[in-house]
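Please read the structure below before turning to the comments.
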Amino acid sequence: MPELPEVETIRQTLKRFVLGKTIRDVKIYWPNIIKAPGEPEAFSRQLNGQTIHDIGRKGKYLMFELDDDILISHLRMEGKYSVHPQDEPAKKHTHVVFTFTDGEELRYNDVRKFGTMHLKPKGTELAGEPLKKLGPDPFDPSFTLEYFWSKLKKTDRVIKAVLLDQTVVAGLGNIYVDETLFKAGVHPLKQASRLTKKEAARLREKAIETLGEAVAMGGTTIRSYVNSQGEMGMFQQELFVYGQGNEPCKTCGTPIIKTKVGGRGTHICPTCQKK
DNA sequence: TTGGGTGTTGAGTA
DNA sequence: ATACTCAACACCCA
């Protein structure tokens with residue numbers, strides 16, 4: 001489900017509910033979600049007594065900053081966080097519950113159970129899994145044209161695969177890659193190494209622009225995404241190609257084609273995006 | 001009823 | 001190095 005704009009929206013809405021709250025209990029109903037420390041019991045024990053001071057984000061990862069540790073959380077396809085009074089019945093698919101000293105609960109809900117949580121001591125979070133190989137955030141100053149261009153030059157893959165590669169740039173997923181490629185006028189099957197520097201610059205600009213607009217609109221809701229206040233995103237109204245198969249292109253009127261690239265559903269305007 | 005598809009990503013294989 | 005398949009899991013839809 002969530003790509004950078006959805007995770008960022010979750011970060012912003014969730015902060016309002018949990019900053020300054022102290023954890024007094026953690027219950028884990030689906031232990032496979034907990035990746036570090038290895039023992040889920042240690043995860044719970046370690047969190048106990050710690051206060052949430054801030055929530056950050058790196059790519060599609062949420063980073064809960066605690067007293068001693070950082071909780072790194074990836075929502076994968078369907079993960080959601082919400083805050084409820086302790087006595088409110090839990091919804092189906094609630095797999096991790098953080099109870100605060102004030103009686104409120106932070107609940108992690110994930111229909112498909114794909115999400116992950118790593119709890120790591122502060123200062124060690126960038127070293128090992130899961131952030132070790134993560135590339136720069138598209139909004140980070142280090143995501144320069146020179147950096148992006150150098151990555152494109154030395155790979156033998158098609159551009160869609162490169163944009164989805166989180167070690168190149170962190171945060172784009174299937175929706176925003178298709179949108180970025182369309183806006184930049186680049187065909188997803190184009191070899192990355194054969195793009196001109198001008199095309200690379202355009203891709204970089206359109207990626208940053210599209211993600212920024214999507215953040216401003218609270219993300220994209222296709223089926224199930226809601227932020228931590230239960231609100232849907234609005235960016236689905238702004239999509240040019242994703243989910244628009246057979247619809248006329250908003251730029252030229254040619255029907256949008258849905259095909260497959262690297263096993264992922266891929267949406268293209270055959271007129272605006274030439275190979 | 002069944003198989004294919006879904007906003008993610010890691011592992012294993014050739 | 002890359003591409004492909006599968007796996008994790010639940011649900012929706014034709």
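Residue numbering restarts at 1 for every chain, and letters A, B, ... go by the order of the sequence lines. Worth knowing before you read on, the calculation uses all heavy atoms, side chains too, and leaves out hydrogens, waters and symmetry mates.
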Side-chain touch [X]/[Y], heavy atoms, less than 4.5 angstrom:
X: Y176(A); Y: F235(A); value: yes
X: E125(A); Y: I72(A); value: yes
X: S228(A); Y: S82(A); value: no
X: K151(A); Y: V162(A); value: no
X: S44(A); Y: K27(A); value: no

Mind calculating the distance between [atom1] ([X]) and [atom2] ([N]) to the nearest angstrom?
X: Q236(A); N: dT6(B); atom1: CD; atom2: C1'; answer: 16 Å
X: Q244(A); N: dG7(B); atom1: CD; atom2: P; answer: 14 Å
X: R112(A); N: dT9(B); atom1: CZ; atom2: P; answer: 13 Å
X: E3(A); N: dT6(B); atom1: CD; atom2: P; answer: 13 Å
X: Y225(A); N: dT6(B); atom1: OH; atom2: C1'; answer: 17 Å

Inset, instruction - Indicate whether the side chain of Q50(A) and that of T22(A) have a donor and an acceptor atom separated by less than 3.5 Å. - result: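 T22(A) and Q50(A) do not have a side-chain donor-acceptor pair below 3.5 Å.
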Inset, instruction - Using only heavy-atom distances, determine whether the side chains of T259(A) and T266(A) contain a donor-acceptor pair under 3.5 Å. - result: no
Taking only the [atom1] atom of each, what is the distance from [N] to [M] in whole angstrom?
N: dC4(C); M: dT6(B); atom1: P; answer: 16 Å
N: dG7(B); M: dT2(C); atom1: C1'; answer: 24 Å
N: dC9(C); M: dT1(B); atom1: P; answer: 24 Å

Inset, instruction - Examine dT6(B): is either OP1 or OP2 under 4.0 Å from a nitrogen or oxygen in the side chain of K258(A)? Give yes or no. - result: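 Answer is yes, contact under 4.0 Å.
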Legend entry - N or O in side chain of R264(A) less than 4.0 angstrom from dG7(B) OP1/OP2: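 For dG7(B), OP1 or OP2 has a side-chain N or O of R264(A) closer than 4.0 Å.
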Given 3.5 Å as the limit, does a donor-acceptor pair link the side chain of [X] with the main chain of [Y], or not?
X: R202(A); Y: V186(A); answer: no
X: D178(A); Y: V241(A); answer: no
X: T13(A); Y: I10(A); answer: yes

With sugar-phosphate meaning primed atoms plus P, OP1 and OP2, does [X] contact a base, only sugar-phosphate, or nothing at under 4.0 Å between heavy atoms?
X: G115(A); result: nothing
X: K260(A); result: sugar-phosphate
X: S224(A); result: base
X: K92(A); result: sugar-phosphate

Can you get from [X] to [Y] by hopping between Ile, Leu, Val, Met, Phe, Trp and Tyr side chains that sit under 4.5 Å apart?
X: F43(A); Y: V97(A); value: no
X: L131(A); Y: F114(A); value: no
X: L75(A); Y: L4(A); value: no
X: I28(A); Y: L71(A); value: yes
X: V83(A); Y: Y225(A); value: yes

Legend entry - Dot-bracket line, read 5' to 3' along DNA chain C, where crossing pairs take [ ] and | marks a partner on another strand, Watson-Crick or G-U under 3.5 Å: .|||||||.|||||
By a strict heavy-atom criterion of less than 4.0 Å, which residues belonging to [range] are in contact with DNA chain B?
range: residues 71-79 of chain A; value: H74(A), R76(A), M77(A)
range: residues 26-44 of chain A; value: none
range: residues 165-176 of chain A; value: Q166(A), G173(A), N174(A), I175(A)
range: residues 214-223 of chain A; value: T220(A), I222(A), R223(A)

Inset, instruction - Kindly indicate whether a cation-pi arrangement holds for R107(A) with Y81(A), taking the cut-offs as under 6.0 Å to the six-membered ring centre and within 45° of the axis. - result: no
Inset, instruction - Verify whether the ring centers belonging to Y61(A) and H74(A) lie closer than 6.0 Å. - result: yes
Inset, instruction - Kindly say whether the aromatic ring centers of Y242(A) and H267(A) come within a distance under 6.0 Å. - result: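 So the answer is yes for these two rings.
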Legend entry - Pairwise 5' ranking along DNA chain B for E6(A) and E129(A), keeping only the more 5' one: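 Here E6(A) is the residue nearer the 5' end.
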Inset, instruction - By nearest nucleotide on DNA chain B, pick out whichever of Y61(A) and V226(A) is the more 5' one. - result: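 The 5'-side residue here is V226(A).
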Inset, instruction - Look up atom CG in L66(A) and atom NE2 in H53(A), then write down how far apart they are to the nearest 0.5 Å. - result: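 One finds 7.0 Å between CG of L66(A) and NE2 of H53(A).
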Legend entry - Which residue lies more 5' along DNA chain C, comparing V158(A) with V111(A) via nearest heavy atoms: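 The residue mapped nearer the 5' terminus is V158(A).
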Inset, instruction - For atom NZ of K91(A), decide whether the heavy atoms of other residues, nucleotides or ligands shown that lie under 6.0 angstrom number more than 12. - result: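 Count not over threshold, so no.
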Legend entry - Contact boundaries on DNA chain C for chain A, cut-off under 4.0 Å to non-hydrogen atoms: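 That gives a stretch of dT2(C) to dC11(C).
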